[in-house]
Amino acid sequence: MDASASHVVTIDGPAASGKSSTAQWVADTLGWQHIDSGSLYRAATWARQRQAGSPEGWTEASVVAAAANVSLRPEARAFYPVAGDLPIGDAIRSVEVTADVSRVARMPGVRAWVNERVREAARGRDVVVDGRDMGTVVFPGAPLKIWLVADPWERARRRLTQRLERRPSDEEIAAETDEIVQRDARDATQTVQAKDAVLVDTTYLTQPEQVERIVALARAVVQKR
Ligand code: CDP
């Protein structure tokens with residue numbers, strides 16, 4: 001691999017398509033770092049929720065102000081959102097944050113804030129970045145862009161298995177499928193497939209298989225450069 005240049009691989013796709021866990025695994029295999037852009041949208045939402053007012057009344061300025069002390073901290077394998085010096089941790093994955101995050105992600109000022117943090121983190125590093133618009137808006141020149149998709153039912157089944165740590169019932173999967181399809185609809189404008197993205201449909205792939213595929217693609221483009 002060319003050791004002198006820094007590299008970016010983007011992984012975008014709809015809700016719960018496995019972008020973050022796949023991106024982390026790909027980054028680990030390549031010895032690169034992972035940046036999860038969604039973690040910043042979630043951290044901004046979390047920060048605003050800690051202040052007064054119901055979500056319907058949130059202004060863009062109040063969300064940007066609430067997020068002002070949130071930044072991305074580099075660690076060995078990945079970047080994590082911190083508030084001041086304190087790691088935010090799993091609080092950003094709560095049901096409450098998930099319910100309000102699409103509203104926050106539609107605010108142009110918040111998108112500009114996230115994009116700046118992500119570009120800054122990536123500067124001069126080898127990174128795998130995941131989100132909705134990494135390959136179109138944030139890194140349009142990335143040499144490898146992945147568009148990661150899976151059937152909604154399968155996405156719901158995987159997310160529930162992870163959350164409940166047991167096999168979910170069909171009724172539970174059906175309810176979660178509805179949630180996921182609703183969130184896809186709320187996120188539709190900011191979820192954009194790059195024209196030069198490689199489509200990876202993971203519905204019938206195991207995670208090791210999809211990781212292997214993306215790593216092979218990454219190695220191929222890095223060697224060519
Ligand atoms: O839960 P999931 O992995 O699908 O989403 P996430 O990556 O944690 O992102 C949470 C939310 O942030 C999404 O539902 C989008 O509203 C928003 N997002 C975005 O608009 N653009 C990105 N590049 C990443 C996330």
Side-chain angles (χ1 to χ4, degrees), residues 10-25 34-51 53-58 60 63 66-67 70 80-81 88-108 110-111 114 129-137 146-193 197 199-207 210-211:
T10 62
I11 303 183
D12 290 307
S17 61
K19 300 178 297 288
S20 289
S21 53
T22 303
Q24 183 66 65
W25 195 338
H34 171 215
I35 305 172
D36 172 3
S37 61
S39 71
L40 279 175
Y41 288 102
R42 288 174 176 276
T45 307
W46 169 86
R48 183 61 186 85
Q49 280 176 341
R50 288 157 63 89
Q51 301 184 346
S54 65
E56 294 72 31
W58 290 356
E60 178 177 293
V63 177
V70 173
Y80 297 98
I88 307 175
D90 282 344
I92 60 168
R93 308 276 158 210
S94 72
V95 176
E96 291 76 19
V97 167
T98 304
D100 290 335
V101 66
S102 303
R103 171 193 309 277
V104 164
R106 271 196 294 271
M107 298 173 171
V110 177
R111 301 201 74 76
V114 168
V129 193
D130 81 278
R132 300 286 193 289
D133 56 353
M134 295 300 107
T136 47
V137 175
I146 303 294
W147 186 250
L148 201 70
V149 300
D151 284 357
W153 180 276
E154 182 56 18
R155 287 189 270 147
R157 192 192 64 74
R158 288 175 189 169
R159 186 142 282 195
L160 276 177
T161 306
Q162 187 183 40
R163 192 186 303 149
L164 304 174
E165 295 178 2
R166 63 166 169 80
R167 200 176 148 181
S169 68
D170 279 3
E171 289 71 25
E172 287 171 324
I173 301 174
E176 184 70 15
T177 300
D178 182 51
E179 295 275 329
I180 284 180
V181 170
Q182 299 299 332
R183 191 144 66 91
D184 281 350
R186 290 200 298 273
D187 286 338
T189 46
Q190 56 251 26
T191 308
V192 206
Q193 180 175 5
L199 174 87
V200 177
D201 183 341
T202 72
T203 308
Y204 302 108
L205 290 180
T206 64
Q207 209 170 25
Q210 79 207 32
V211 168

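Note: hydrogens, waters and symmetry copies are ignored here, and every other heavy atom, side chains too, is used.
- Using modelled atom types and a 3.5 Å distance limit, the side chains of Asp100 and Gln49 yield a donor-acceptor pair.
- Of all the heavy atoms in Thr98 and Arg93, the pair that sits closest is OG1-O, 4.0 Å.
- Residues Thr191 and Asp12 form no side-chain contact, since every pair of their non-hydrogen atoms from C-beta on lies 4.5 Å or further apart.
- Taking CH2 of Trp46 as the reference point, atom CD1 of Ile92 lies at 9.5 Å (rounded to 0.5 Å).
- Side-chain N or O atoms of Ser17 include none that pairs as donor or acceptor with a backbone N or O of Gly13 at under 3.5 Å.
- Between Arg111 and Met107 the shortest side-chain heavy-atom distance does not fall below 4.5 Å.
- Partners of Arg163 by side chain to side chain contact (heavy atoms under 4.5 Å, CB included), not counting sequence neighbours, listed by chain and number: Arg159, Leu160, Glu176.
- Side chain of Asp201 to backbone of Thr203: a donor-acceptor contact under 3.5 angstrom is found.
- Minimum heavy-atom separation, Ala43 to Val70: CB-CG1, 3.8 Å.
- Here the CD-CD1 distance, from Gln210 to Ile11, works out to 9.0 Å after rounding to the nearest 0.5 Å.
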*Apply side chain to side chain contact (heavy atoms under 4.5 Å, CB included) to the pair Arg186 and Arg103, showing each step before the final yes or no.*
CA-CA 8 Å; Arg186 290 200 298 273; Arg103 171 193 309 277; over 6 Å; no

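- With values rounded to the nearest 0.5 angstrom, Arg132 atom CZ is found 5.0 Å from Asp187 atom CG.
- Contact detail for Ile173 and Ala156: the closest heavy-atom pair is O-CB, 3.8 Å.
- Each of Lys19, Gln24, His34 was checked for a side chain to side chain donor-acceptor pair (under 3.5 Å) with Asp130, and the lone residue meeting it is His34.
- The existence of a salt bridge linking Arg157 and Asp170 is excluded, since no basic side-chain nitrogen approaches an acidic carboxylate oxygen closer than 4.0 Å.
- Closest approach of Ala197 to Gln193, counting heavy atoms only: CB-CG, 4.4 Å.
- Each of Gln207, Glu154, Arg158 was scored for a side chain to side chain donor-acceptor pair (under 3.5 Å) with Thr202, with one residue passing: Arg158.
- For the pair Asp36 (side chain) and Ser39 (backbone), a donor-acceptor distance under 3.5 Å is present.
- You'll find the side chain of Val149 stays beyond 4.5 Å of the side chain of Val200, heavy atoms only.
- When the side chain to side chain contact (heavy atoms under 4.5 Å, CB included) test is applied to Val101, the partners found at least two apart in sequence or on another chain are Tyr41, Arg42, Thr45.
- The heavy-atom pair separating Pro14 from Arg155 by the smallest distance is CB-NH1, 3.6 Å.
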*Ile35 and Tyr80: CA distance, side-chain angles, deciding distance, side chain to side chain contact (heavy atoms under 4.5 Å, CB included) verdict*: CA-CA 8 Å; Ile35 305 172; Tyr80 297 98; over 6 Å; no

*Start with the C-alpha gap between Arg183 and Glu179, add the side-chain angles, then the distance that decides, and say whether salt bridge (Lys or Arg N to Asp or Glu O under 4.0 Å) holds.*
CA-CA 6 Å; Arg183 191 144 66 91; Glu179 295 275 329; over 6 Å; no

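- Here CD of Gln190 is found 11.0 Å from OG1 of Thr136. Values are rounded to the nearest 0.5 Å.
- Crowding of Arg166 atom CZ: a count of heavy atoms from other residues, nucleotides or ligands under 6.0 Å exceeding 12.
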